[in-house]
Amino acid sequence: MRNQPALIAEKIAAKFQRTAKLAADAGILPYKSAAGEWITSPFDGNSWWTGGFWPGLMWQLYSFTHNDFFQQEALRTEKMLTDELRTFRFLNHDVGFMYLLSCGAHHKLTGDEQAAQDTLHAANLLMGRYNPVGYIRAWNEKKKMGYAIIDCMMNLSILFRASRMTEDPRFAKVAQLHADMTIREFLRPNGSSAHIVEFDPATGARIGEVAGQGYTLGSSWSRGQAWGLYGFTLAYLNTKEERYLKAAKGLADYFAANIRPDGLTNSDFCQPEGEERIDNLAGAIAACGFIELSKVTDRPDYLAAAETLLDGMIDHCADFEDTICGILTHCTASYHDDGAGRHTNIIYGDYFLMEALNKLTGNDPMLWI
Ligand code: GLY
């Protein structure tokens with residue numbers, strides 16, 4: 001890798017030592033940043049699906065620095081998320097993202113008993129979204145009752161965790177049923193993946209693909225590909241089932257073949273030439289997936305792909321000054337809808353960037369397992 005991971009991680013930690021205080025002083029849970037300020041989520045308050053990434057990032061920074069401030073900031077914002085368990089109304093399948101990186105991390109790293117209970121509470125909410133016709137329901141809108149999405153592969157990790165915590169296999173069983181459905185219904189012969197598949201919620205019959213956050217129906221949304229790549233790698237690490245490793249490799253090979261020459265990632269691998277839509281969220285998530293995959297395969301090209309992505313983002317899209325509060329720029333929430341941010345800093349870009357650097361420097365607390 002051209003950049004030294006430890007040096008970059010130190011620069012990130014130094015910046016967050018300055019800027020995370022702004023969020024703590026404002027009493028908010030950040031979603032993205034601009035000059036001199038952190039900005040909260042655009043929808044659903046603290047129930048927005050990205051809520052866990054700030055405490056998760058604080059735990060990653062704590063692992064790297066052992067600076068107590070980061071642990072305190074993780075705990076401050078975990079409380080904001082556990083309050084949402086009581087409100088419940090907006091929570092959806094993303095309780096995996098939200099609570100594994102907050103309460104799940106807290107329990108894993110300190111043994112805290114209430115954090116363990118809160119993690120199990122969230123896992124039970126995800127279990128409750130399993131429709132026995134064969135899929136975990138993604139979102140809450142009535143007209144989306146039959147939607148399953150590739151992103152959910154990451155949320156399954158909290159189910160595997162819950163089975164280990166309780167020694168009750170039913171959580172992991174549901175995770176595997178959903179993962180097996182994802183292999184059958186989402187993965188395409190060329191290695192790309194669908195974002196959304198709709199089922200009849202009464203019978204489980206496949207209705208078809210639905211266009212999601214990518215360019216168009218049938219195209220290849222890069223962040224979905226990254227969720228699948230890392231999600232199937234985690235499913236393999238949790239189960240040692242070869243079919244999940246095979247799925248992860250297929251997704252990884254397609255992703256690797258589509259990394260731009262400058263190391264950045266287009267928002268959709270099928271977007272029209274000349275349309276500049278970069279999504280570094282996809283690049284940062286995929287870098288983590290590639291690193292983990294390289295450890296369980298004899299494929300040095302996977303580590304090389306991770307390094308290409310990290311060098312690309314660090315060279316072209318990292319703000320180590322104080323232009324914005326966060327680090328990674330050019331994150332794009334959705335190809336056509338700019339409401340949640342386009343070519344901007346978004347918190348889970350910084351989360352996965354720091355996770356990847358912690359992996360390369362031997363400091364990753366592996367919050368997903
Ligand atoms: N999981 C939602 C997204 O990636 O935008």
Side-chain angles (χ1 to χ4, degrees), residues 30-32 39-44 46-54 56-57 81 90-102 122 125-126 129 135-141 144 147-159 178-179 182 186 192-197 210-215 219-232 234-235 251 255 265-269 271 277-289 328 330-353 355 367-368:
Y31 168 70
K32 63 179 184 173
I39 298 165
T40 54
S41 72
F43 313 106
D44 297 352
N46 292 333
S47 277
W48 182 239
W49 74 277
T50 55
F53 289 107
W54 179 264
L57 174 59
L81 294 177
F90 293 119
L91 295 178
N92 58 31
H93 75 139
D94 288 322
V95 289
F97 283 117
M98 291 173 70
Y99 294 98
L100 201 52
L101 298 182
S102 53
L125 294 182
L126 188 56
R129 299 187 73 85
Y135 66 94
I136 292 176
R137 175 178 172 177
W139 295 317
N140 293 343
E141 296 95 317
K144 297 180 178 170
Y147 283 19
I149 70 173
I150 188 89
D151 321 30
C152 193
M153 283 307 303
M154 294 295 290
N155 288 318
L156 300 184
S157 292
I158 201 170
L159 298 179
H178 186 87
T182 306
F186 282 70
S192 72
S193 53
H195 177 198
I196 304 171
V197 175
V210 177
Q213 285 157 256
Y215 170 59
S219 69
S220 174
W221 180 47
S222 62
R223 194 160 71 255
Q225 191 79 9
W227 291 139
L229 189 180
Y230 198 10
F232 274 109
L234 293 170
L251 291 156
F255 197 107
T265 307
N266 280 334
S267 178
D268 195 302
F269 293 133
Q271 71 194 43
R277 291 274 199 298
I278 292 164
D279 181 22
N280 283 323
L281 300 165
I285 298 158
C288 290
L328 192 59
H330 289 75
C331 300
T332 296
S334 184
Y335 195 90
H336 294 290
D337 177 1
D338 293 344
R342 173 175 166 200
H343 287 185
T344 188
N345 170 251
I346 301 182
I347 198 59
Y348 54 111
D350 289 352
Y351 171 82
F352 283 104
L353 178 62
E355 182 182 318
L367 302 182
W368 301 100

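Here, residue 1 is the first one in the sequence, and each next residue gets the next number. Whatever order the structure lists them in is the order used to number ligands and atoms, beginning at 1.
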Worksheet item: Which ligand 1 atoms, with their elements, are less than 4.0 angstrom from a heavy-atom of Q213?
Response: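 Ligand 1 atoms under the 4.0 Å threshold to Q213: 3 (C), 5 (O).
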
Discussion item. Distance under 4.0 Å to a non-hydrogen atom of R223: what atoms of ligand 1 satisfy this?
Written reply: 3 (C), 4 (O), 5 (O)

Practice prompt. Ignoring hydrogens, just give me the one of D94, I150, D151 whose non-hydrogen atom is nearest atom 2 (C) of ligand 1.
Written response: D151

Practice prompt. List the steps, then state whether side-chain contact (heavy atoms from CB on, under 4.5 Å) holds for N140 with R129.
Written response: CA-CA 10 Å; N140 293 343; R129 299 187 73 85; 2.7 Å; yes

Discussion item. Measuring centre to centre across the rings, with the benzene-like ring taken for any Trp, is F97 within less than 6.0 Å of W227?
Written reply: yes

Worksheet entry | Test item: D94 side-chain N/O and W49 main-chain N/O as donor-acceptor pair under 3.5 Å | no

Discussion item. Keeping D279 on the side-chain end and N266 on the backbone end, is there a donor-acceptor pair under 3.5 Å?
Written reply: no

